[in-house]
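Below: one structure, written as structure tokens.
All of these numbers come straight from a predicted model, not from anything done at the bench.
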Amino acid sequence: MNSLGTLWQDIRYAIRTLAKNPGFTTVAILSLTLGIGGTTTIFTLVKAVFLQSVPVKDPATALIVYSTQQTADGKVTQFLQNSYLNALDYRANNDVFSGLSLVVNAGDELKVSGTGKPEVVDVQMVNWDFFDILGVKPFLGRTFVAEEDLTPDSHPVVILSYGVWNSKYGADPKILGKIIRLSEQDFSVVGIMPKEFHDIGRIGSPDIWAPMMMHDQLLTDSRKDWFSRRRARLVDMVGRLKPGVTLAQAVTSMQSLGAHLAKVYPADNSGRTVVMTPLSESNVPPQQRGLFVLVGTLMMVIVGLVLLIGCGNVANLLLARAMQRRREFAIRLSLGASRWRLMRQLMTESLLIGLAAGGLGILCAYWSRDLLWTLLPGGRPENLDFSLDGRVLLFTLGLSIFATLLFGLAPSLQASSPNQMASLRDRTDRPSGTSRWYGLRGILVTAQIAFSLIALTGSALFIHSLRNAQEVDPGFEVKHELVLGLNPGGAHYPQGRAEQYYRDALEKVRALPMVADAGISNMGPISENLSYSTFPEGVDAADPRNAWQFPVFAVAPGFFSAAGIPFVRGRDVNDLDGPQTNHVVIVNQALVDHLWKGKDPIGKQLSFSIVPWKATVIGVVGTVKTRTLGEEPRPAIYFALKQTYYPDVILYVRAKGDPDVALTNVRSAVQSLDT
């Protein structure tokens, strides 16, 4: 009790002392706030990317299994999806996983018990043991059983996410057994997943889960036709390692199985194998993880230097202030106070400064975390958690204590030195022991200058990189462009009616006075897109190792003009390029430079592993960014939408002025088609 009383006495005295010197206190706290706030902000981002917890049991042994493909230049393209048939073989024949589930995402329209307006939801198809593999128990009801994953028609059941159950069904506790409709099929609700089961790395945050055997009923796009083709990459896989099996052992065993599949199915699997990453590391695309590590390290170093500079500045202020209080310290020492007692009092004052700066640093991080994403091209990722949770608060508390020791220990040691007794004999205002005092202050000033130069140099380079990133030309219109999703497939329009819907939408939108042009593509800008194994003419298309992995798009006539993508040569697709005519493609300049540099590409032919026909190049367009703004120029192929049908597409609209002003009218024009 006596020690607690003494501690409280130290705190009260420290508060009074700091309050008597508001100028010193304010400068000291603000100096530290800048360093602690900046470091906390960057730690919040680093936590979201690298330390975001995955709500599954023992995430270190849960792995995502990707496919790889050796391309024509001998390089290996990694982190691709698997084909359904290959995934079945991996699931049945591996000896390193206690369970391995297939995962396929399918967008659809949700309609409750045949009434109400359909709403877009994310549906994910998984194997019956998916939740057992992840070690997640339902909040209500049960998970799937094996029988429900064997035949598509006998057990049409679904499991709802907590979010959908709460928002769409009012958290109805009697939801189990009720019927919902997906793709004109009745499904019985058998379970509700727990509230925290979302943002599961690569798996994402689906709204509804259905058994894998319902793929024929739930897939409405071209993947339905490709599902049983061994070359088609459509499936993700998540598995749980057996006890005692390491990641390296699992990779070796699965790659051996991949080599076996390549021998058994050489026409489909030559050059293919697998690569695996922990589920907890799949919050960001694995091919970009190295870039995130580099940027995160650089930002932490910069804000760490800012914190050191702040600590050095406060240490100098404390030394200067201790010189003014030297007689106070000498009197306390002469009255019997121990050096430790005096140090504890000074460290208490320093700790209050550190904690106050830590509290302000939390507020600084709260305000600035979103601001930082506005400086980065591409904006804030939706699936990452930037909340100031307990880990951030503990980090800031630890940082405040560390900063206290860093800036407070040396001044307290210096101020509590027995040499302070000389101040009682000295009647002048000249500080005693000036060489030691000024020597330490000189070292701190020198360190501050050095750290400042390093931080300024690093910050300048980082800001220069940010400005360069903001000025990156994506290759398409940005300032006047808006995009909307069209999904006639979700309403089960047949292909002919859906294509008429696209034409009507374009006609209505183009007729608006505030619209300069409109076009349609199956993909939005800067998004994950499909890739085809592509064979240029003159190579053996029977060997997958001769293929190149190129992203592919399907576009309607006028898309390039609407998207602001310049034509280099040749012609656009038109309404005559239909399913009964020869297939045509438009390629970008990067693909021309890659395959036919210095040659005329018009009339060249390409073939593909996923489709039986060949396509003739009819045009060349400028190269655009397809997945990230920082990527190198990537070859890309554009098919005619009438020859490669998609039931859900993206409408691109180039406005004459502010696209936000045109948005309401564009949306109304599209919605009028459904009335």
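Arg223 approaches Leu234 most closely through the heavy-atom pair CG-CD2, 3.6 Å. Counting all heavy atoms, side chain and backbone alike, Ser270 lies closest to Pro544 at O-CB, 3.5 Å. Minimum heavy-atom separation, Tyr645 to Ala498: OH-CB, 3.2 Å. Across Ala106 and Leu219, no two heavy atoms sit closer than the pair CB-CD2, 3.7 Å. Across Gly201 and Ser282, no two heavy atoms sit closer than the pair CA-OG, 3.4 Å. Asn546 approaches Pro536 most closely through the heavy-atom pair O-CD, 4.5 Å.
A donor-acceptor contact shorter than 3.5 Å is absent between the side chain of Ser256 and the backbone of Thr252. Between the side chain of Glu507 and the main chain of Val509, no donor-acceptor pair closer than 3.5 Å is present. Judged by distance alone, the side chain of Lys656 and the main-chain N or O of Ala516 form no donor-acceptor pair under 3.5 Å. Between the side chain of His198 and the backbone N or O of Ser205, no donor-acceptor pair lies under 3.5 Å. A distance-only check finds no donor-acceptor pair linking the side chain of Thr277 to the backbone of Glu281 [under 3.5 Å]. Asp207 contributes no side-chain N or O that, together with a main-chain N or O of Val121, makes up a donor-acceptor pair within less than 3.5 Å. A donor-acceptor pair under 3.5 Å is formed between the side chain of Arg654 and the backbone N or O of Ser561. A donor-acceptor pair under 3.5 Å links the side-chain atoms of Arg510 to the main chain of Ala518, judged by distance alone. Under the 3.5 Å distance criterion, the side-chain polar atoms of Asn588 are matched with a main-chain donor or acceptor of Arg634. Judged purely by atom type and a 3.5 angstrom limit, Asn522 has no side-chain atom pairing as donor or acceptor with the backbone of Asp648.
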- Run the side chain to side chain donor-acceptor pair (under 3.5 Å) check on Arg503 and Gln500 step by step: do they pass? CA-CA 5 Å; Arg503 289 190 292 270; Gln500 184 61 48; 2.8 Å; yes
- Message: Using the rule given for salt bridge (charged side-chain N to carboxylate O under 4.0 Å, His left out), can you reason through Arg230 versus Asp89, listing the C-alpha separation, both sets of side-chain angles and the distance that settles it, and then say yes or no?
- Response: CA-CA 11 Å; Arg230 194 171 287 272; Asp89 287 331; 3.0 Å; yes
- Message: Before you tell me yes or no, could you show the steps for Leu484 and Ile650 under side-chain contact (heavy atoms from CB on, under 4.5 Å), namely the whole-Å CA-CA distance, both residues' side-chain angles and the distance that decides it to 0.1 Å?
- Response: CA-CA 6 Å; Leu484 290 86; Ile650 303 296; over 6 Å; no
- Query: What do the steps show when you test Arg272 against Gln69 for side chain to side chain donor-acceptor pair (under 3.5 Å), and what is the final call?
  - Reply: CA-CA 5 Å; Arg272 287 190 183 186; Gln69 179 66 61; 3.3 Å; yes
- Would you please test Phe639 and Phe553 for side-chain contact (heavy atoms from CB on, under 4.5 Å) and show each step? CA-CA 6 Å; Phe639 293 96; Phe553 306 84; over 6 Å; no
- Query: Between Asp504 and Tyr501, does a side-chain contact (heavy atoms from CB on, under 4.5 Å) hold up when you go through it step by step?
  - Reply: CA-CA 5 Å; Asp504 292 343; Tyr501 178 86; 5.7 Å; no
- Message: With side-chain contact (heavy atoms from CB on, under 4.5 Å) as the criterion, how do Val126 and Gln124 come out once you've worked through the C-alpha distance, each side chain's angles and the decisive distance to 0.1 Å?
- Response: CA-CA 6 Å; Val126 297; Gln124 193 171 81; 4.1 Å; yes
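Rounding to the nearest 0.5 Å places OG1 of Thr273 at 10.0 Å from CD of Gln78. Expressed to the nearest 0.5 Å, how far CD of Gln549 lies from OG1 of Thr68 amounts to 10.0 Å. Glu499 CD to Asp575 CG: the interatomic distance, rounded to the nearest 0.5 Å, is 10.0 Å. Separating the CH2 atom in Trp596 from the NZ atom in Lys604 is a distance of 7.5 Å, to the nearest 0.5 Å. Distance check: Asn574 CG to Ile618 CD1 gives 7.0 Å after rounding to the nearest 0.5 Å. Rounded to the nearest 0.5 Å, atoms CD1 (Ile200) and CG (Leu279) are 8.0 Å apart.
The aromatic rings of Phe559 and Tyr638 lie tilted to each other, with the angle between the two planes from 30° to 60°. Ring geometry for Phe550 versus His594: interplanar angle over 60°, hence perpendicular rather than tilted (30 to 60°).
Asn86 and Asn269 share a side-chain donor-acceptor pair at under 3.5 Å. If you check the side chains of Arg233 and Asn82, you find no donor sitting under 3.5 Å from an acceptor. In this model, a donor atom of one side chain and an acceptor atom of the other lie less than 3.5 Å apart for Thr581 and Gln643.
Side-chain atoms of Ile203 and Asp236, non-hydrogen and from C-beta on, never get closer than 4.5 Å to each other. Side-chain contact check for Met212 versus Val104: some heavy-atom pair is nearer than 4.5 Å. Side-chain contact between Asp216 and Phe227 is absent, with no heavy-atom pair separated by less than 4.5 Å. Residues Pro206 and Val123 fail the side-chain proximity criterion, which asks for heavy atoms closer than 4.5 Å. For the pair Phe97 and Met254, the minimum side-chain heavy-atom distance is below 4.5 Å. At least one side-chain heavy atom of Ile520 sits less than 4.5 Å from a side-chain heavy atom of Leu506. Using a 4.5 Å heavy-atom cutoff, the side chains of Phe476 and Pro525 are in contact. In this structure, the side chains of Tyr66 and Leu80 stay at 4.5 Å or more apart for every pair of heavy atoms.
Checked against a 6.0 Å centroid threshold, the rings of Tyr532 and Trp226 count as neighbours.
Of the candidates Leu595, Thr623, Leu591, Asp593, Pro635 forms a side-chain contact (heavy atoms from CB on, under 4.5 Å) with just one, namely Leu591.
The residues Asp577 and Arg571 are annotated as salt-bridged, a charged nitrogen and a carboxylate oxygen being separated by less than 4.0 angstrom.
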